[in-house]
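Every number for a ligand or one of its atoms is a count from 1 in the order of the listing. Residue numbers run from 1 in the order of the sequence given.
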Amino acid sequence: MLNLVLFGPPGAGKGTQSARLIEKYQLVHLSTGDILRGEIANGTPLGLEAKKLMDQGILVPDEVVIGMISNKLDSNPGAKGFIFDGFPRTKAQAAALDQLLSEKNTFINAMLALNVNDEELIQRLLSRGKDSGRPDDANPDIIRKRIEEYNAKTAPLIDYYKAQDKYTSIEGVGTVD
Ligand code: AMP
């Protein structure tokens, strides 16, 4: 199996690069943000709870997203591998992911971290917000909050994956190629 964590702040291009990697390696794409937006669109109780946090740019609780990923791993038994997009976002999530994968006798091969400066991120998200219809892309204060959440809770995962010798930094500006 090939299991990749696609890592980076909001607006770094994780979704764009995932699409390329999935095509090349035929991986199953698991984006917790997409799964949560699906729950919101379906009006589920989980979606309604998550929306309150997402609209403020705050992370949803670890147990919610860990449960979602666990279900998706179980429901794709024949996968060639997975690409994790927007997950893990905290150390607890990263540890849970290692545990879930080890129960399936597999592991994360690499963490690919996209580097983009804050000003570029804000511009990209505001411009995406015009088409995406995402409330959390429409407001500069919410975008800043998401970047703050990333810096406080998610960026420390770089050290987590460095310690496992799985961290690779990639320039996230310039052409998509
Ligand atoms: P994204 O589509 O990855 O930008 O995620 C949008 C929002 O969904 C985030 O701002 C969080 O509120 C929530 N979210 C997505 N993935 C996670 C995660 N792994 N942990 C906690 N919250 C998440």
Side-chain angles (χ1 to χ4, degrees), residues 3-22 27-73 82-101 108 111-118 120-161 170 172:
N3 298 309
L4 302 174
V5 170
L6 200 52
F7 190 82
K14 299 188 291 293
T16 305
Q17 296 296 344
S18 290
R20 295 270 181 114
L21 290 165
I22 292 155
L27 305 176
V28 174
H29 181 221
L30 296 183
S31 155
T32 40
D34 285 350
I35 301 169
L36 288 165
R37 282 183 290 277
E39 296 280 339
I40 293 173
N42 289 328
T44 66
L46 190 156
L48 295 176
E49 275 311 303
K51 182 172 166 51
K52 291 181 201 157
L53 297 167
M54 291 166 74
D55 284 356
Q56 298 175 73
I58 298 171
L59 295 186
V60 305
D62 287 334
E63 55 276 18
V64 171
V65 286
I66 292 167
M68 287 173 163
I69 289 290
S70 175
N71 289 338
K72 291 286 181 189
L73 293 178
F82 294 91
I83 188 153
F84 298 93
D85 167 359
F87 181 92
R89 264 174 152 105
T90 63
K91 281 199 183 159
Q93 292 177 24
L97 179 59
D98 282 346
Q99 177 64 32
L100 288 170
L101 291 174
I108 292 295
M111 182 243 226
L112 310 176
L114 295 169
N115 269 328
V116 178
N117 65 65
D118 285 3
E120 170 83 14
L121 293 175
I122 293 169
Q123 288 316 317
R124 284 188 191 178
L125 290 170
L126 284 171
S127 108
R128 181 173 85 183
K130 289 180 194 145
D131 303 318
S132 72
R134 279 179 56 170
D136 59 345
D137 283 346
N139 174 329
D141 290 339
I142 306 291
I143 290 174
R144 272 195 200 90
K145 179 68 198 169
R146 289 163 62 200
I147 295 173
E148 258 174 55
E149 286 276 89
Y150 170 82
N151 287 329
K153 297 175 184 167
T154 308
L157 289 185
I158 290 172
D159 287 337
Y160 181 93
Y161 286 100
I170 296 170

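Only the side chain of L36 comes within 4.0 Å of ligand 1, judged by heavy-atom distances. The proximity of V65 to ligand 1, defined as any non-hydrogen pair under 4.0 Å, is limited to the side chain.
For the ligand labelled ligand 1, residue R134 lies inside the 4.0 Å heavy-atom shell. The closest approach between a heavy atom of R37 and any atom of ligand 1 is below 4.0 Å.
The closest side-chain heavy-atom distance from M54 to I40 is below 4.5 Å. Using a 4.5 Å cut-off on side-chain heavy atoms (C-beta onward), H29 and L21 make no contact.
Distance alone, capped at 3.5 Å, places no donor-acceptor pair between the T90 side chain and the K153 backbone. Between the E49 side chain and the P45 main chain, no donor and acceptor come within less than 3.5 Å of each other. Counting only distance, with no hydrogens or angles, the side chain of K14 and the backbone of G8 share a donor-acceptor pair below 3.5 Å.
A distance of 6.0 Å separates CZ of R89 from OG1 of T154, quoted to the nearest 0.5 Å.
With atom 11 (C) of ligand 1 as the reference point, the heavy atom nearest to it among D34, I58, I35 is part of I58. The closest heavy-atom contact to atom 7 (C) of ligand 1, among the options K51, K14, M54, K145, comes from M54. For atom 5 (O) of ligand 1, the nearest non-hydrogen atom from the set M68, R89, R146 comes from R89.
The single protein non-hydrogen atom nearest to atom 22 (N) of ligand 1 is V60 N, 3.1 Å, given as residue, atom name and distance. At the top of the distance list for atom 20 (N) of ligand 1, counting protein heavy atoms only, stands Q93 NE2, 3.0 Å. The single protein non-hydrogen atom nearest to atom 16 (N) of ligand 1 is T32 OG1, 2.8 Å, given as residue, atom name and distance.
Those atoms of ligand 1 that come under 4.0 Å of a heavy atom in G86, given as number and element, are 16 (N), 17 (C), 18 (C), 19 (N). Residue contact check: G33 has heavy atoms under 4.0 Å from atoms 2 (O), 5 (O), 15 (C), 16 (N) of ligand 1.
Scanning both residues, S18 and L6, for their nearest heavy atoms gives OG-CD2, 3.2 Å.
Salt-bridge annotation for E149 and R146: absent, with no side-chain N of the basic residue lying under 4.0 Å from a carboxylate O of the acidic one.
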